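Worksheet: one structure, shown below.
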Amino acid sequence: MPASRRTIVILGPREDAVLEHFHRYCSAHSLACHRVSDPRDMPFILTFGRQRGVGARLAMNGEEYLLADVALFIRGMGHMMHSTLDNPFSQGEYFSALWALASQAPHIINRPGRWAWESRIAQERYFGEASLLPRSTSHSTSYFSQRLATLGPGYHQADVSNVTEHKTFSFNRAEEQAFHQSGHVLSGRFTGQPRYLIELFSGACAKVVLDETGLGFPVPSYLDLRERILAFASDHSLQHFAVVTLFVDGHPRLAKLDIEPPPRWYEEYGTDLFQGMVQVLLGHTESEVP
Amino acid sequence: MILLAGLTRDRTLMHTAAIAQQTRVSFQFLDLAAFCESGEWEWDFDSGTGVIMAGGSVFDFRNDAFSGVYARLVDVSSTQILDRRIWSSRTRVLQEMLQSARCRVVNRPQADLTNSAKLYQLFLLAQCGFDVPESMLSNDARWVRQLAQPGRTIYKGASSQCTIAAMLHEEDLEGLDRLVASPVLFQEFLAGRDLRLHMVEDAPFAELIEKRPDQVDYRFSSGCRFEPFDPPAYLVKQCRSYMALSGLSFVGFDFIVRNSGEIVVLEANPMPGYDGYDRRANHAISHALLACLSAPAFSCIR
């Protein structure tokens, strides 16, 4: 089957603005696509064994497809489970099943790995000292206040909790207040110079969303880290992600590789980024669609 | 001193505690429920140390106070009515702390999540050289009816949530319409004996289980017969290969030894409920585990 005949399947929660915009983009460019926001609306079967290897089929709106003939864009899988399925057992079974199915998709953004769609542990192992590791955690806000007093005015924060991680993550200078509001589960990632560079990658397309470095883009030391990031992404079959880099005394440290960037980061370059995604999914630009 | 971390209602962990007590291995017990309810902590990820307080006890990781931690941190937040979010967050925080702890941790809580997706884990096990069963995972009755063979196909849950494996019978086919509510993993029924192989680091402990021919899941069957088993070298090598891939140091592997002698892997449990096998093995698994946890400081793999 020619690459251009693939059908795009956009899978994720109904209220996800990025998925909705991408769906509109695909429709506006007459690309064959399905939007699935409830896993029960997508019948599938995945087979595997020593004799036959891997095989998979899925169906949407009464149409059947081989897994090889669709291109999957998946975002917010955990959130979709919680927003559509009442039963925690079903949520777990569907999450596991779609993890296995997506891992075998030949055309996908982004492929789940050994930690499903969570790649932080792999990132920390891969980047080591080049990564801005979590530094501390406590139930006690006074503990953080004491640390802040010794560390100076600026710091980066990220939430340890998987429940609130995406809700509280901010690329702006974090305020101490955030620790107090969020209570028990925050982990501070401290640095003396919070200057951020955020770059969003979508296949071959890369766009700088924020540059606070004041050093001009690209800084040579960032290019070295960027090369490692792209190698990591390639090794882990990640094609669409944001890289949040923090410059500490002029040296870049990876703060976060986010495979589900917030919608506001798409505002300026949405069309370019969606073009890049179409290229990844279909292997061509929409201008080449017959 | 070692640390046992988990729930007091976890019979496997309580078994480990009992054997530690019997063998005079010095230990502290960190109660996950007490930690979720009222725990306090200050943890420094750079050094992998800190102080945790729960249930009136203090667990001080500074100065290499613990040689090892046996962690069985099961997230039971979904069973909480009032404090579900707090339990979930705090369980995650404790997992993060032990993930980074400077001492040996068996097993690091986030080392391997693939048992949560059984078919995905089978892909990895196949990569390690194991023979795997014919499997299919689906939420669609129509496709399953086409491929499943009643009397020769078993079914079970797709995730790590506890389910009982059972034979698919002709009369079950009508009920397959309920698959849309929750996908199910179907596998060929393999006649033979079950084999459970625990690996504690490099050391294998294996037991064969003989059940009645009409039984599928020996864990929920009566009248099974158990006997020690000397696993073939190639199988232990494959287990080591999976442990290297996953970063786990204590794993319970499940197999079927077919009547033809072929050994087919079913899954690898990163938090094995090993107490029953251990009793029949005169606590050999516990002794190996406690020895591993009590070993002098080493340069650990995080």
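In what follows, chains carry the letters A, B, and so on, assigned in the order in which the sequence lines appear, proteins first and then strands, with residues in each chain numbered from 1. Since the model is a prediction, treat every value here as computed from it, not as a measurement. Quick note: numbers below take in every heavy atom, side chains included, and nothing from hydrogens, waters or symmetry partners.
Neither the backbone nor the side chain of B/I52 has a heavy atom closer than 4.5 Å to any heavy atom of chain A. There is no contact between A/A116 and chain B, counting heavy-atom distances below 4.5 Å. Proximity to chain A is limited to the side chain of B/E188, based on heavy atoms less than 4.5 angstrom apart. At a 4.5 Å heavy-atom cutoff, the contact between B/N139 and chain A is made by backbone and side-chain atoms alike. Residue B/F186 does not touch chain A at all, counting heavy-atom pairs closer than 4.5 Å.
At most 12 heavy atoms of other shown residues, nucleotides or ligands fall within 6.0 angstrom of atom CZ in B/R178. No more than 12 heavy-atom neighbours from other residues, nucleotides or ligands sit within 6.0 angstrom of CZ on A/R14. Open room surrounds CD on B/E174; 12 or fewer heavy atoms of other groups in view lie less than 6.0 Å from it. Within 6.0 Å of CZ on B/R152 lie no more than 12 heavy atoms contributed by other residues, nucleotides or ligands.
Of all non-hydrogen atoms in A/R114 and B/L245, the two that sit nearest each other are NH1-O, 3.0 Å. Shown here for A/A100 and B/L119, the closest heavy-atom pair between the two residues is CB-CB, 4.1 Å. The minimum heavy-atom distance linking A/F48 with B/V132 is given by the pair CE2-CG2, 3.9 Å.
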Criterion side-chain contact (heavy atoms from CB on, under 4.5 Å) on A/S96 and B/Y120, from CA distance to verdict
CA-CA 8 Å; A/S96 303; B/Y120 180 80; over 6 Å; no

Could you go through the side-chain contact (heavy atoms from CB on, under 4.5 Å) check for A/Q104 and B/F123 one step at a time?
CA-CA 10 Å; A/Q104 300 303 308; B/F123 298 143; 3.1 Å; yes

Derivation of the salt bridge (Lys or Arg N to Asp or Glu O under 4.0 Å) call for A/R50 and B/E262:
CA-CA 13 Å; A/R50 60 189 174 283; B/E262 294 162 327; 5.7 Å; no

How far apart are the C-alpha atoms of B/S116 and A/F95, what are their side-chain angles, what is the distance that settles it, and do they pass the side-chain contact (heavy atoms from CB on, under 4.5 Å) test?
CA-CA 9 Å; B/S116 302; A/F95 186 91; over 6 Å; no

Between B/M136 and A/L46, does the side-chain contact (heavy atoms from CB on, under 4.5 Å) criterion hold? Intermediate values first, please.
CA-CA 5 Å; B/M136 65 176 168; A/L46 175 62; over 6 Å; no

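Here B/P183 is the residue among B/P183, B/A117, B/A141 with the most heavy-atom pairs under 4.5 Å with chain A. Between chain A and the residues B/L185, B/T91, B/L137, the largest count of heavy-atom pairs under 4.5 Å involves B/L137. When A/G113, A/P88, A/P39 are compared by the number of non-hydrogen pairs under 4.5 Å with chain B, A/G113 comes out ahead. The choice from A/L101, A/L98, A/L58, A/D41 that makes the most heavy-atom pairs within less than 4.5 Å of chain B is A/L58.
A/F89 is listed as a side-chain neighbour of B/T163, based on a closest heavy-atom distance under 4.5 Å. No side-chain heavy atom of A/Y94 sits less than 4.5 Å from a side-chain heavy atom of B/S159.
Rounding to the nearest 0.5 Å gives a distance of 9.0 Å between CD of B/Q121 and CH2 of A/W99. Rounding to the nearest 0.5 Å places CD1 of A/I45 at 8.0 Å from CD of B/Q146.
A distance-only check finds no donor-acceptor pair linking the side chain of A/R40 to the backbone of B/A181 [under 3.5 Å]. In this structure, A/R57 contributes its side chain and B/W143 its backbone to no donor-acceptor pair below 3.5 Å.
For the pair A/E93 and B/K118, the salt-bridge criterion is not met [side-chain N within less than 4.0 Å of a carboxylate O].
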